Amino acid sequence: MRRAVAVRVVGPMQWIVYPALIAVAATIVLQTPVELFGLHLPEPVIPMVLAFAWPLIRPSVLAPIVLAALGLILDVLTYGPLGLWGLTFLVIYSVVLASRSFLAGQDTAVLFVWYAACCALAFLLVYVIMAFLAPTPASLISVFLQVLPTLLLFPFAHRLIERFEDGDVRFR
């Protein structure tokens, strides 16, 4: 007698919609003007985790649309020009998607280096665009203070990749 093997089918709700909603909620919480002991809450770019992890998990048509929407939400919350972060997330998504065959199955250290490079590319792109749009460029110290917490979000990207990479046996 053969036993049935349970196949875990992961749909877009589990690996796209729920993480996107969590990213929106965390972004809204961290954008609140709270001051504790003279320090403000960090303002990492949380959707950067999704822009890095989603193309490694599985290429999708829905992921870039959700990333563009997350970028628009971030633009509204940060009073930035509409489309700036959406464009940036789509650039990061396309870079990681183009290097997907190289990154698949790599060690955590290699993934972190690529995540750090993608963060550097994203913040450089945003800085250059804002330098053209704004009369004065942003302080490099404040940019670094936003890059650092974004880099510290890598364990969430790695956890997302590890959790859903082999979630659907139909795509092996």
Side-chain angles (χ1 to χ4, degrees), residues 2-32 41-78 82-123 125-126 146-172:
R2 295 181 70 149
R3 280 193 222 171
V5 177
V7 176
R8 186 178 76 155
V9 177
V10 178
M13 290 296 289
Q14 285 81 21
W15 70 279
I16 290 182
V17 175
Y18 295 148
L21 292 176
I22 291 170
V24 168
T27 301
I28 290 172
V29 166
L30 290 175
Q31 290 292 322
T32 55
L41 293 175
E43 295 181 7
V45 180
I46 297 171
M48 187 73 67
V49 170
L50 304 177
F52 180 78
W54 283 347
L56 292 177
I57 294 170
R58 184 181 322 145
S60 170
V61 174
L62 184 61
I65 295 169
V66 173
L67 282 174
L70 288 172
L72 287 175
I73 291 170
L74 192 60
D75 290 334
V76 168
L77 289 175
T78 59
L82 290 179
L84 177 67
W85 280 109
L87 172 71
T88 305
F89 294 149
L90 292 177
V91 167
I92 297 305
Y93 184 88
S94 64
V95 166
V96 175
L97 185 62
S99 59
R100 182 177 192 265
S101 61
F102 169 73
L103 291 174
Q106 288 290 340
D107 191 35
T108 305
V110 174
L111 289 178
F112 177 73
V113 168
W114 273 84
Y115 179 75
C118 287
C119 285
L121 174 67
F123 280 98
L125 182 64
V126 168
Q146 194 171 15
V147 171
L148 186 63
T150 304
L151 286 175
L152 294 176
L153 292 175
F154 173 74
F156 295 106
H158 188 259
R159 169 85 171 120
L160 194 65
I161 293 167
E162 290 293 318
R163 181 171 180 198
F164 293 119
E165 190 173 36
D166 293 329
D168 198 343
V169 295
R170 296 177 297 172
F171 293 98
R172 285 188 186 170

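This structure is a prediction, so every number in the text was calculated from the model and none was measured.
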With the side chain counted from C-beta on, respond yes when His158 and Thr108 share a heavy-atom pair under 4.5 Å apart, and no when they do not.
yes
Interatomic distance, CG@Leu62 vs CG@Leu67, rounded to 0.5 Å, equals 9.5 Å
Can you find a heavy atom in the side chain of Leu160 that is under 4.5 Å from one in the side chain of Leu50?
yes
Working to the nearest 0.5 Å, report the span between CG of Leu148 and SG of Cys119.
10.5 Å
In terms of heavy-atom contacts, Ile161 and Ile57 come closest through CA-CG1, 4.1 Å
Take a 6.0 Å sphere around CZ of Arg159 and say whether it holds more than 12 heavy atoms from other residues, nucleotides or ligands.
no
When the ring planes of Trp15 and Trp54 are compared, do they come out parallel, tilted or perpendicular, using 30° and 60° as the limits?
perpendicular
Got a second to check how far Leu82's CG is from Ile73's CD1, nearest 0.5 Å?
11.5 Å
Just do the side chain to side chain contact (heavy atoms under 4.5 Å, CB included) check on Tyr115 and Thr150 with the steps written out, would you?
CA-CA 10 Å; Tyr115 179 75; Thr150 304; 3.8 Å; yes
How many angstroms lie between atom CG of Leu84 and atom CG of Asp75, to the nearest 0.5 angstrom?
5.5 Å
Correct closest heavy-atom pair for Leu90 and Ala68 would be CD1-CB, 4.4 Å
Heavy atoms only: give me the nearest Phe89-Met48 pair and the separation to one decimal.
CE2-N, 4.0 Å
Please report the shortest heavy-atom distance between Tyr93 and Pro59, naming the atom on each side.
OH-CA, 3.9 Å
Using a 3.5 Å distance criterion without hydrogens, assess whether the side chain of Gln106 forms a donor-acceptor pair with backbone atoms of Leu111.
no
Quick one, Ile46 with Phe156, criterion side chain to side chain contact (heavy atoms under 4.5 Å, CB included). Give me CA distance, side-chain angles, the key distance, then yes/no.
CA-CA 10 Å; Ile46 297 171; Phe156 295 106; over 6 Å; no
Pairwise side-chain contact, Val76 with Trp85, heavy-atom cut-off 4.5 Å (strictly under):
no
In short, Met13 meets Pro19 closest at the heavy-atom pair O-CD, 4.3 Å
Got a second to check how far Leu70's CG is from Leu21's CG, nearest 0.5 Å?
8.5 Å
Work out which heavy atom in Ala51 is nearest to a heavy atom in Pro55; give both atom names and the distance.
O-CD, 3.3 Å
For residues 22-32, which side-chain donor-acceptor pairs fall under 3.5 Å, sequence neighbours excluded?
from, atom 1, to, atom 2, distance (Å)
Thr27, OG1, Ala23, O, 2.7
Thr32, OG1, Val29, O, 2.6

Under the rule for ring pair (Phe, Tyr, Trp, His ring centres under 6.0 Å), what residues qualify as partners of Phe112, not counting sequence neighbours?
Phe154
